[in-house]
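Quick note: numbers below take in every heavy atom, side chains included, and nothing from hydrogens, waters or symmetry partners.
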Amino acid sequence: MNKSFFLPVSLLSLLVAFPAVAADNEDNKNAVNSNIPSLSKIELPATNARLLTQQPAANEVKPEPKLEPDLTPNKDADISIETIGEKDVLPESTPTYVIEKEEIKKQGATSVADILKKMPGFVINNVGHGADFHTGTYYRGASIDQSVFLINGRPINTNINTYHGTTDLNSIPVEAIERVELYSGTASSLYGSSAFGGVVNIITKEGYGKPKLNASAEFGSLNLNNQQVTYGGSTNKVKYNFSFERFFIDNRYRVPVGAANRDAQGYLSNADTATSTYFGSVGIDLDPKNSVNLDVTALSSRRGLIYFGFPLQKDRLDHDGLNIGLSWKTRLGKGDNSNLTTTLGYNRDYFSTYGPTGATFYRTGALDTQQFSTRIEHEWKITPNNQLRWGLDLKNTNLIGDVLSTDPARIANNEKEDRSIFNTALFAVNTWKISDALQADLGVRQNFDSQFGSYFNPSVGLRYAVNPAIAVRGSWAGAQRNPGLDQLYVFDTVHGWNPNPNLKPETGSAWTAGIDVILSKNLLGQFTYFGNSLDNRLGVISGQWQNIGLVDTNGLEAALQLKIARDWSTFLNYTYTDAQIKTGTEKGLQLGLIPYSLLQTGIGYQKNGWQANLYATYNSGSRRSVFNNAGAGQISTDFAPSFFNLDFSGRIPVSKNLGLTFYLENLLGEQYERVNRIYSPGFTFRVGLTSSL
C-alpha cells in the first residue's frame, strides 16, 4: 500500500490534537491584545468598496473594536441592493485583497482582467486596446497557468497551455460579479497545488428582495460597443440572478513602423474582439439547515491574434466555454460551528485556432476539454480558538486534440488525440489562536494523479499582533503544476511545436512575509515581501516542449488606502518583481513580459449619484520576448520603454434611476509600447447610460 497515504492522515490527527493543547494556554493574559482589526472590518466613507482588504479571522473570540463613528459608508453612494454573498473563511496569515462591485463599477471594467489589473501583484498584458493573447497574465511573476482561478470556489481553468487558450478572463459577465478575492499562502492547500502565484476567487451576485433590472449600454472609440443587463431578486425561499454581456471592438488604429501586425496601410490588423457572456444562478433555502445553489456561466468569444513572432499574423481564435456548478450546504450543528458543503462541477472549453500558412496552405488546431469535478468540504469550529477545514477533491479531465495542416511539411503530424487524466486530493487547513496575539495555520494537500503519481504539498502560516495597530504575518507553501495534456500529446500545427510525453511537473514553493498597519485612523496599509522558486519550468526549445530550468522570483508589494474626507477616497498599489532565470541560455535575464516596477494609484469622489475617478499607472517596461522557434535561436535582451498613463471616469445622475457614464482613457494621448511591440492607440473614450428599474 502507498505509504504516502498515511502521511496526511497522521498530520490531520496532529492538526486536530495540537490546537486543543494550545487552547489550554489561553490563561496567559500577558500576551499582547490582538486589537488590530482585519482591514476588511474597516469601511471607507466614499463607498463600501475595499480595494485592499484582509479577511476577518476564522475564529475570532471577541468582537473587533469599532472605529470612530464617522468611518461609516456614505449613505448617498449609488450602491445596488444585491446581497453580499458569504466570504471565504481564510487564515489571517494569508494576505487577502478584495475588490467589491462598487469599485468595479467605478473603474468601468469590461472583463475580469480589467478588474485584476488594478490589484497589487498583477501584471496583465493581454487586456485593453490591441492586446495579444500570447503576452499573458502574471501574478507575482507566475503565469496565469501557475495560479488557480475559481468561480464561487470552483475551478474555471482546465490547464490548457497559454499558446492555445488557457483561462479566458472574459468568461464571466462583469454585471454578475459581487466581488473578486485574491489569496495566497495556505489557501493553496485548500484549492490546488499549482498555486505558485495565488488563488483568484470570483464571487457572483445573489438576488435579494423585489425583482430588479439593471442595464447599461456604452459606445466609444474603435467601434467599441458594450451592452450589459442583469435581473435578480427573491421570492420566499428562492433567490435568483441572471446576467448577459455583449462586447465588441475592432482595434483598428495606426501603429508605428516595427509594431506587431502592422499592415501595408500602417494600421494594426486582425486585432478585433467580440464576446458574448451569460450567467445565471438560482438558490433555494430548503429549510433552516439546508440550502442548494445552481450557477451556470457560458462564453462565446471570437478574436484575431496578433502574435508578435510573425510579420503579419492572420490566425483566428474561437473559444466556447461552459461552466456549471451545483452546491449543497448543510449545517450539521447549532449555528455555524459545523458546515458540510458538497459541490458538483462541469467545465468545458473548446478552443479552435485556425489560419493560413504562407500564401497557399491552411492549418487548424482544436482543443476540446471537458472536466468533471466533485468537492466535499467540512468547516468545523472544534473549539472557540480552533477551526478546521478539510475535505476531498475529485477531478477527471478529458482532452480531444484535433490538428490539421495542408502544408506538405506538416501533413505527417496531422492527428486526433483523445486523452484523460484523473486527480484525487485530500486537503486540510487548521487555524488556531495560540494566544490573543498569535495565530497559526497549518495546511496539507495530498494528491493522487493518474499521470504523475502521488505527491504531497504542505503549507504553514503565522500572524502576530504586535500592538493594536500593527500585525506581522508570514506563509510558506509547496507547489506542483503538472504539464497540460496538450503539451504532453498534441502537436501544435499553428506554431509547429511538438509535444513531449516525458515532461516533468513544475515544482517548487512560494512564500510571503508582511505587515498590516493602521498608520492613522484614515490610512491603512499592507506591505508584503513575496517570493517563489520554480524548477523544471516548461518552455519550447528547438520546436518541442521541454523542461528548461529554474526561475527564482522575489518582490515587494505595497498597498495603501486613505480616506481624505467623507466623500473622497484614494488608493496606491506598488509592486516590484524580480523574476530571474537561473539556468539555460537565458540565465541571468528577467522573465520576458514582466516589468520590474508597476505602480497604480487613484483618487475618487462620490456623492448623491455623482462620481469622478482619476487613475494613474506607471509601468517600468518589460523585456521583449522572442519565442525560440526551430532554427530561430533568438534571445531578446532589450526592454520596452517605461510609460505613464492617466484615465478619468465619471457618472452624472440624469434621474433617480438613470445615469450618464464616461471613461476617458490615456488622457496624455501618448502612443506608448504596452508590451512586446504592441502599442496603445493613444487617447480613447467611452460614453454610456446606466439604468436601474
Going from NZ on Lys117 to CG on Asn573, what distance comes out if it is rounded to the nearest 0.5 angstrom?
13.5 Å
Going from CZ on Arg179 to CD1 on Ile177, what distance comes out if it is rounded to the nearest 0.5 angstrom?
11.5 Å
When you check the side-chain N and O atoms of Asn430 and Asn386, is any donor under 3.5 Å from an acceptor?
yes
Could you tell me if Asn323 and Tyr346 have a donor-acceptor pair between their side chains, going purely by distance under 3.5 Å?
no
Given the rule in the side-chain contact (heavy atoms from CB on, under 4.5 Å) test, do Ile144 and Tyr139 qualify, once you have shown the distances and angles that lead to the verdict?
CA-CA 7 Å; Ile144 194 171; Tyr139 178 58; over 6 Å; no
Under 3.5 Å, is there a donor on one side chain and an acceptor on the other for Arg473 and Thr528?
yes
Is there a donor-acceptor contact under 3.5 Å linking the side chains of Asn293 and Ser327?
no
So that I can tick it off, tell me whether Lys118 and Glu103 are bridged by a salt bridge, with the cut-off set at under 4.0 angstrom between side-chain N and carboxylate O.
no
Polar side chain donor-acceptor pair, Trp328 to Thr330, under 3.5 angstrom
yes
Establish, from distance only, whether the side-chain atoms of Tyr574 and Ser597 form a donor-acceptor pair under 3.5 Å.
yes
Consider side chain to side chain contact (heavy atoms under 4.5 Å, CB included). Of Asn482, Asn547, Asn536, which one does Leu503 pass it with?
Asn547
Take Thr204 and Asn152 through the side-chain contact (heavy atoms from CB on, under 4.5 Å) test and state the conclusion after the steps.
CA-CA 7 Å; Thr204 57; Asn152 300 322; 3.0 Å; yes
Look at Asp535 together with Lys582 and state whether they make a salt bridge at an N to O cut-off of under 4.0 Å.
no
How long is the gap from CH2 on Trp432 to CD on Gln387, to the nearest 0.5 Å?
13.0 Å
Before accepting this row, confirm whether a basic side-chain N of the pair Asp436/Lys433 lies closer than 4.0 Å to the acidic partner's carboxylate O.
no
Reported CG-to-CG distance for the pair Asn347 and Leu322, which is rounded to 0.5 angstrom:
8.0 Å
No-hydrogen, no-angle side-chain donor-acceptor test under 3.5 Å, Asn339 and His378:
no
Can you tell whether the side chains of Arg154 and Asp295 come within less than 4.0 Å, N to carboxylate O?
yes
Side-chain ion pair, Glu506 and Arg537, N-O less than 4.0 Å:
no
Please determine whether a side-chain nitrogen of the Lys or Arg among Glu206 and Lys239 lies less than 4.0 Å from a carboxylate oxygen of the Asp or Glu.
yes
Please determine, by modelled atom types, if Asn447 and Ser454 share a side-chain donor-acceptor pair under 3.5 angstrom.
no
Going from CD1 on Ile99 to CD on Glu178, what distance comes out if it is rounded to the nearest 0.5 angstrom?
12.5 Å
Tyr576 vs Tyr596 aromatic rings, parallel, tilted or perpendicular, using cut-offs 30° and 60°?
parallel
To the nearest 0.5 Å, what is the distance between CG (Leu399) and CG (Leu485)?
5.5 Å
